[in-house]
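Everything numeric in this text was worked out from a predicted model, so none of it was measured. Below, all heavy atoms of this structure are taken into account, side chains as well, without hydrogens, waters or symmetry copies.
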Amino acid sequence: AGGDPAPAPAGGAGAPGAARAGGLPVISLPALAAPLVVSFTARSLLTAVDLPYASRLGDAAVAAIGLSFPLEFCFIACWVGLSGALTSHLSRALGARDEARIAQVTAVAARVAVALAAAFLALAAATWALAPRLGLEDPAVVDAFRIYAPTLLAGCAVLGFWSVVPDSIVKAHHRMRVTMVAGLLSGAGNLALNTLFVFVFEWGIFGIALATNLGRGLALAYALWHARALERERRRDWARADAALAAPPPGPLARPYAALLALAVPTALTYVLMASEGAVANWVLAGTAAPTAAIAAYAIFHRAALLFLMPVVATGVATVPFVARGLGEGRGALVRRGLGQAYALGHGYALLVVAPVCLVVAGPLAGFLGRSPEAVELAQVAVRWGTPAAVLASVSFVVARAAFEGTQRGAPGLVMATLRYVVLSAPLAWIGARVAEGAGLPGFHGVLAGLVTGTAVASLVFGAWLVRDVRAGRLGGAA
């Protein structure tokens with residue numbers, strides 16, 4: 001467990017990092033992911049209060065939030081793409097004790113974050129201007145969407161992207177408890193401010209979006225404080241241990257923007273494709289019977305699925321620095337063992353936790369969030385059966401994508417996302433709706449079945465790809 005002599009993949013810091021002083025303490029991937037599981041689950045749960053608060057305002061507000069999911073995923077796509085790339089490069093540089101590369105990739109990521117912030121401010125303005133032209137029949141949905149989406153996007157630009165650098169630094173240092181507390185601060189702040197803005201100030205859907213943005217601000221402040229402290233501590237420790245270096249570090253990247261974007265862009269495009277799934281689902285549902293109820297039910301299912309998927313996502317987020325820094329220090333055996341644990345725990349969680357919990361909570365949750373009887377009925381079926389299936393089908397996809405990003409390879413994730421969202425999920429959702437309605441069933445059920453089927457097939461293929469690379473020795477030596 002203390003190390004592996006096999007070399008890391010070509011093009012990275014490689015095995016020399018294993019000989020450097022101050023290496024990564026031996027820690028399992030589940031232990032590294034545990035604080036993130038708590039953080040992501042609690043944060044998703046507290047952030048999901050947007051829907052209960054919106055449900056007090058009516059189905060139009062719930063539908064507006066559902067329509068905003070693709071736009072929110074665009075932010076997540078860019079944030080995760082840049083953060084994942086920076087975390088991977090920082091972790092590899094930390095494993096190789098490469099001060100110059102750490103400073104280089106951090107500065108480059110900060111400049112990219114500024115550019116993304118400007119772009120999302122422009123997107124917020126465009127969304128406000130174009131909302132009435134989306135073809136939505138219900139004026140109440142249009143008005144709510146026109147308020148909620150631009151406010152949320154502006155907050156993403158002003159506060160969201162600034163957290164990329166401190167968050168990546170914290171993860172590269174494997175201080176996941178900091179990320180956990182930051183997530184809890186964000187979620188708790190969102191809950192408290194939602195209550196204040198909706199019930200006291202009566203700001204409606206605008207207050208819900210504003211609360212989400214200010215909650216992100218709390219997380220940013222906390223992460224920034226700890227990131228600075230960790231970097232000060234690292235520089236002090238490295239200054240004391242410089243004499244123990246067995247070999248010089250690789251040094252700065254020759255083309256830092258290309259190196260960072262080569263991983264960030266495919267990862268971001270993967271999330272853009274993920275956002276397209278929600279857009280396609282809403283588009284197909286808009287053509288079914290009772291479209292407002294169907295879109296509202298999909299919003300409820302989407303939030304429930306994201307909530308229950310958070311432990312799996314958290315494990316994936318922890319996998320990136322775990323793999324990158326482990327390979328940077330030459331610990332391939334530790335990396336491979338961690339990936340096996342992630343797969344086992346993810347599938348066990350879906351079968352033994354998500355499935356029974358959803359059987360119990362589906363009815364009360366749908367009844368609480370849905371306003372119309374049609375929305376409640378559709379959401380109940382989706383949460384009870386669709387959510388466990390979606391989580392189970394997603395485990396392999398999430399872990400494999402993160403493992404490849406840890407080796408600084410973003411192309412596999414993009415290829416598999418194209419297969420999942422373009423080749424499989426979108427056509428299967430449309431076909432499912434037609435088949436279901438032809439059989440006298442709600443088209444909503446067919447859309448749900450198509451999406452889950454596409455996810456399952458893509459996950460199986462992606463998992464097989466990862467196993468092949470492990471056996472070929474591309475993750476720190478052959479198994």
Side-chain angles (χ1 to χ4, degrees), residues 47-77 119-158 190 194 197-199 201-213 272 274-303 306 369-376 378-379 382 426 429-430 433 442-444 447:
T47 302
V49 300
D50 288 0
L51 281 179
Y53 282 92
S55 70
R56 305 306 100 183
L57 305 175
D59 277 353
V62 175
I65 292 179
L67 290 170
S68 301
F69 286 158
L71 294 174
E72 188 174 7
F73 259 96
C74 286
F75 160 70
I76 294 172
F120 269 74
L121 282 175
L123 180 60
T127 302
W128 181 87
L130 298 176
R133 305 179 184 179
L134 294 179
L136 299 171
E137 297 181 359
D138 190 341
V141 174
V142 174
D143 292 341
F145 176 74
R146 199 180 190 194
I147 295 171
Y148 181 84
T151 303
L152 193 68
L153 290 172
C156 293
V158 174
N190 182 48
N194 260 317
F197 293 162
V198 174
F199 295 132
F201 294 167
E202 297 183 349
W203 287 351
I205 194 75
F206 169 74
I208 294 174
L210 182 62
T212 300
N213 291 335
V272 169
M274 189 183 301
S276 72
E277 182 178 67
V280 168
N282 285 324
W283 174 71
V284 175
L285 292 172
T288 62
T292 298
I295 293 174
Y298 180 77
I300 295 169
F301 158 75
H302 189 270
R303 279 297 188 191
L306 282 180
L369 296 178
R371 294 291 87 193
S372 66
E374 294 86 357
V376 171
L378 293 175
W430 185 86
F444 177 83
V447 170

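- Taking the six-membered ring where tryptophan is involved, the planes of F199 and Y53 are tilted, since the angle between them lies from 30° to 60°.
- For A140 against A60, the heavy-atom pair with the smallest separation is CB-CB, 3.8 Å.
- Contact of the L152 side chain with the L71 side chain is not registered, since no non-hydrogen atoms from C-beta on lie closer than 4.5 Å.
- Of all non-hydrogen atoms in A129 and P132, the two that sit nearest each other are O-CD, 3.6 Å.
- Using a 4.5 Å cut-off on side-chain heavy atoms (C-beta onward), I65 and I205 make contact.
- Here the shortest heavy-atom pairing between F145 and A64 reads N-CB, 3.5 Å.
- No side-chain heavy atom of W203 sits under 4.5 Å from any side-chain heavy atom of I147.
- Listed by chain and residue number, N190, L193, N194, F197 satisfy the side-chain contact (heavy atoms from CB on, under 4.5 Å) test with A211 (two or more places apart in sequence, or in another chain).
- How far OG of S55 is from CD1 of I300: 8.0 Å, rounded to the nearest 0.5 Å.
- Contact check for Y148 versus D50: side-chain heavy atoms found under the 4.5 Å cut-off.
- Taking CD of E72 as the start and CG of L67 as the end, the distance is 12.5 Å to the nearest 0.5 Å.
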Which atom pairs, one a donor and one an acceptor, fall under 3.5 Å between side chains of residues 279-298 and the rest of the protein, sequence neighbours left out?
| unit_1 | atom_1 | unit_2 | atom_2 | d |
| --- | --- | --- | --- | --- |
| N282 | ND2 | G278 | O | 3.2 |
| T288 | OG1 | L285 | O | 2.6 |

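- Looking only at side-chain heavy atoms (C-beta outward), V158 and N213 stay at 4.5 Å or farther from each other.
- For A433 against V447, the heavy-atom pair with the smallest separation is CB-CG2, 3.8 Å.
- The two residues G204 and L57 have their closest heavy-atom pair at C-CD1, 3.8 Å.
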